[in-house]
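The sequence lines fix the lettering, A, B, ..., with proteins before strands; numbering per chain opens at 1.
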4 protein chains.
Amino acid sequence: MSRAATAAATREKVLAAARELFITSSYDDVKAADIARAAGVAHGLVFHHFGSKQGLYREVLCAIGREVLDLHVSDPAVPLGKRIRQSHRAHLTYLLAHRDLALNLVLRPWGAEEPFDRVRDDGNRKLCENLGLDFERPAVRAVLRMYTTAADQLARDHLLDAHPFDVDQVVEMLMTVLAGALRAARVADPSLEVDRVLDELARP
Amino acid sequence: MSRAATAAATREKVLAAARELFITSSYDDVKAADIARAAGVAHGLVFHHFGSKQGLYREVLCAIGREVLDLHVSDPAVPLGKRIRQSHRAHLTYLLAHRDLALNLVLRPWGAEEPFDRVRDDGNRKLCENLGLDFERPAVRAVLRMYTTAADQLARDHLLDAHPFDVDQVVEMLMTVLAGALRAARVADPSLEVDRVLDELARP
Amino acid sequence: MSRAATAAATREKVLAAARELFITSSYDDVKAADIARAAGVAHGLVFHHFGSKQGLYREVLCAIGREVLDLHVSDPAVPLGKRIRQSHRAHLTYLLAHRDLALNLVLRPWGAEEPFDRVRDDGNRKLCENLGLDFERPAVRAVLRMYTTAADQLARDHLLDAHPFDVDQVVEMLMTVLAGALRAARVADPSLEVDRVLDELARP
Amino acid sequence: MSRAATAAATREKVLAAARELFITSSYDDVKAADIARAAGVAHGLVFHHFGSKQGLYREVLCAIGREVLDLHVSDPAVPLGKRIRQSHRAHLTYLLAHRDLALNLVLRPWGAEEPFDRVRDDGNRKLCENLGLDFERPAVRAVLRMYTTAADQLARDHLLDAHPFDVDQVVEMLMTVLAGALRAARVADPSLEVDRVLDELARP
DNA sequence: CATGAATGAGATTTCATTCAT
DNA sequence: CATGAATGAAATCTCATTCAT
């Protein structure tokens with residue numbers, strides 16, 4: 001193993017330890033010393049590789065964001081309604097399988113973490129592509145941001161057992177809310193064509 | 001002025017100073033000492049009256065929550081569509097008039113602050129009464145929580161000039177999203193009757 | 001004992017402990033924690049009273065500076081030559097009696113410690129008054145600063161046993177160097193009248 | 001280029017970078033990593049070549065000390081008064097041309113830096129040779145140390161514009177103070193013959 | 001010779017909270 | 001009620017130095 005590879009491995013070790021801890025405890029409750037200890041490295045190494053605790057946190061967040069993004073189905077061969085439903089189900093399943101991670105890191109509001117916002121916007125952009133809409137149009141962007149936030153809220157309540165619905169029901173609720181959001185986009189920007197999308201979304 | 005009145009006045013002074021500070025700075029950035037200094041009282045008084053910094057914060061939050069709640073129109077004489085629209089407009093106008101307060105204290109996600117959640121639930125309950133729906137039904141509760149979160153997101157973007165829509169457009173977008181949320185409630189709970197409400201909401 | 005008096009007493013305790021430590025160890029080697037422990041108070045109290053370790057250090061330095069200043073004899077009834085000699089002897093005796101204090105805190109160069117410089121200037125001003133010269137004249141100021149530095153150097157060497165001269169010899173050497181410095185002032189500023197002073201200084 | 005030559009060149013690169021940094025920042029503010037970066041070499045190399053940060057600092061200091069020493073004129077053909085004046089002028093000119101270097105590295109008190117003290121003693125020894133005096137005699141050594149310190153003080157004030165005198169005036173002031181110092185040596189050690197030297201110094 | 005990853009001891013300062021007066 | 005002195009735990013980040021490659 002080369003020097004560089006060893007270093008990279010150490011970096012990963014720290015990253016993994018940090019992820020583990022940030023999932024189970026809040027940012028403030030996780031101490032840099034804890035991370036170093038969990039990773040089995042010297043205290044200072046955390047800062048050598050990531051500059052600051054914040055920097056390390058950001059990296060963890062981004063890594064998770066990318067993982068979540070990759071869950072989405074974008075195969076154009078699959079009909080739109082099915083595609084979106086599959087994506088949603090995959091997303092929800094992932095969150096259920098990683099409950100703490102979801103509650104503590106993923107399902108946080110817009111604006112709470114700068115770098116994560118970008119990941120979220122990437123998610124919306126992907127959704128937009130699937131829907132055949134232009135994310136650069138303010139109305140589209142605005143309602144998708146609303147929708148994502150609302151979906152996170154429903155997912156959060158789901159994880160907290162705040163309501164009794166199963167995954168399939170949740171997915172259908174999301175589809176309906178998404179439809180409402182798209183109609184809201186047309187309200188703000190009448191030139192927007194959403195009927196066809198609404199049609200396709202309606203078909204499971 | 002009686003002993004008790006003086007005490008109450010002091011309490012208010014601290015509360016006002018705290019509110020001012022929590023509006024402009026984050027919770028962690030506001031120090032108990034800052035509040036005491038701003039209020040012109042002894043450091044220890046903050047704890048004398050409010051037990052802890054958290055306790056004081058909660059009081060500030062609740063006071064604001066109550067103010068916001070009181071903005072809502074519940075006059076049954078006003079047609080439903082108009083009533084909800086007026087409430088929304090009043091709410092948005094208030095947030096615009098208190099930008100920092102809105103961004104830093106009001107428009108935070110569910111779960112961020114325990115006591116504020118209750119206020120928010122109260123708001124949803126009020127909305128429910130207006131809509132003639134039963135907040136205790138899980139489907140209703142779930143979609144209203146989604147809706148509120150989504151509405152906050154749109155308001156936040158509005159305050160941050162992230163989109164170009166005016167207050168009237170925002171209100172109409174919200175109405176449309178609310179309609180979508182109600183349909184989503186029916187999806188989860190088919191026994192739910194929402195057609196009449198949807199009808200009334202459609203009429204401005 | 002009143003509240004304020006207790007507080008002042010505590011402050012003094014910290015100050016005394018700090019002085020003790022700064023005399024025997026270098027600034028960097030003295031830890032804030034050491035001072036608190038030595039004073040028998042909580043760690044945080046140091047900062048409550050002095051703001052920072054630097055602030056505390058400055059106070060210690062100033063207190064010592066004032067003590068040293070008070071050693072000087074300014075009784076006009078005493079002939080000038082005798083007066084200066086007595087002051088020098090008192091100064092040297094003090095430094096010898098407080099060897100570490102002298103070497104570590106007093107005999108440091110101009111510019112090493114901002115607040116101490118002011119004290120030193122005060123000392124020179126006092127010397128000036130004794131000599132009947134105007135400290136505001138650049139030539140006077142410049143040579144007195146030279147002289148003070150040189151005197152500190154000789155004192156330092158004396159404390160370090162770098163030369164075999166006794167206090168009386170050292171005092172006479174200083175008188176001679178002071179005479180040289182005054183002549184140097186006249187070189188820079190020929191309008192300066194120093195002959196009478198030189199005359200008086202020559203008489204013990 | 002041979003292996004050894006490359007190594008020497010690298011060493012020089014580090015030395016030059018260190019000098020640059022120590023001139024503009026204080027010892028504590030210069031980090032070993034800064035030096036390595038500025039020199040464009042690996043962090044560890046600093047220690048490879050110089051053992052420690054202190055060691056590197058010492059080398060920088062000595063190099064500068066030697067440069068300053070070489071400024072002094074010792075040509076016996078030049079009359080003493082002229083020789084000393086030329087040396088002083090050269091010294092001052094050098095300090096003026098390297099202001100930060102002078103203030104931060106050269107014009108520091110005796111005892112501040114072990115290795116530099118030796119250089120300073122070398123300087124005094126040289127001066128002694130010029131003056132035809134024996135540096136090993138305590139009185140001579142003592143007053144020359146005083147004189148050097150005083151001269152540094154005047155130079156420091158000069159660099160800081162603390163007085164309005166030009167280089168020629170400063171040189172003459174120094175000559176006068178030097179004369180005073182020599183007389184002080186005779187005070188401490190009456191067997192010392194300084195009249196001839198004083199005579200020669202008086203003639204420019 | 002050169003590299004830079006790894007070490008790990010360490011210190012200042014902050015601040016919520018308490019409590020004697 | 002009001003005061004503000006006193007407490008003391010705690011945590012981030014720094015940095016000289018080492019050493020395996």
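Scanning DNA chain F for stems, defined as runs of 3 or more consecutive Watson-Crick or G-U wobble pairs whose donor-acceptor distances all fall under 3.5 Å, gives the following ranges: E:2-21 with F:2-21.
Taking side-chain N and O atoms only, B:T10 has a distance below 4.0 Å to OP1 or OP2 of F:dA2.
Of the listed nucleotides (F:dA6, E:dA2, E:dT14), E:dA2 has the atom at the smallest distance from the side chain of D:H48. Comparing atom distances between the C:L45 side chain and each of F:dT7, F:dT12, F:dA2 picks out F:dT7 as nearest. Across F:dT17, E:dT17, F:dT3, the shortest atom-to-atom separation from the side chain of C:R3 is found for F:dT3. Taking the side chain of D:A7 as heavy atoms from C-beta on, and the options E:dC1, F:dT12, E:dT13, the nearest nucleotide is E:dC1.
A cation-pi arrangement is present between D:K53 and D:Y27 under the rule of less than 6.0 angstrom and at most 45 degrees off the ring axis.
Remark: A:A18 pairs with A:F22, A:I35, A:L56, A:V60 by the side chain to side chain contact (heavy atoms under 4.5 Å, CB included) rule, at least two apart or across chains. Residues passing the salt bridge (charged side-chain N to carboxylate O under 4.0 Å, His left out) test with C:D100: none are found, sequence neighbours excluded. When the side chain to side chain contact (heavy atoms under 4.5 Å, CB included) test is applied to B:H48, the partners found at least two apart in sequence or on another chain are B:L45. Listed by chain and residue number, C:Q54 satisfy the side chain to side chain contact (heavy atoms under 4.5 Å, CB included) test with C:S52 (two or more places apart in sequence, or in another chain). Residues forming a side chain to side chain contact (heavy atoms under 4.5 Å, CB included) with B:E12 (at least two apart in sequence, or on another chain): B:L15. Looking at residues two or more places apart in sequence or on another chain, you find a side-chain hydrogen bond (donor to acceptor under 3.5 Å, both in side chains) between B:E59 and B:R11.
A:H49 places its NE2 atom 8 Å from the C1' atom of E:dA6, with the value rounded to the nearest Å. Atom CZ of A:F47 is separated from atom P of E:dG10 by 18 Å (rounded to the nearest Å). Taking atom NZ of B:K53 as the reference point, atom P of E:dT18 lies 15 Å away to the nearest angstrom. One atom, CG of C:L56, and another, P of E:dT13, lie 11 Å apart when rounded to the nearest Å. With rounding to whole Å, A:K13 atom NZ is found 11 Å from E:dA6 atom C1'.
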Report task. For salt bridge (charged side-chain N to carboxylate O under 4.0 Å, His left out), just list the numbers for C:E67 and C:R19, CA-CA rounded to whole Å, side-chain angles, deciding distance to a tenth of an Å, and then say yes or no. Result -> CA-CA 13 Å; C:E67 278 179 34; C:R19 178 176 176 145; 2.8 Å; yes

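Within the structure, every pair that satisfies the salt bridge (charged side-chain N to carboxylate O under 4.0 Å, His left out) test and touches residues 23-42 of chain D, not counting sequence neighbours, is listed here: D:D34-D:R37.
Both B:G44 and D:G51 lie near DNA chain F, and the one whose nearest nucleotide falls closer to the 5' end is B:G44.
Within residues 20-43 of chain B, the residues having any heavy atom under 4.0 Å from DNA chain E are, by residue number, B:V30, B:K31, B:A32, B:H43.
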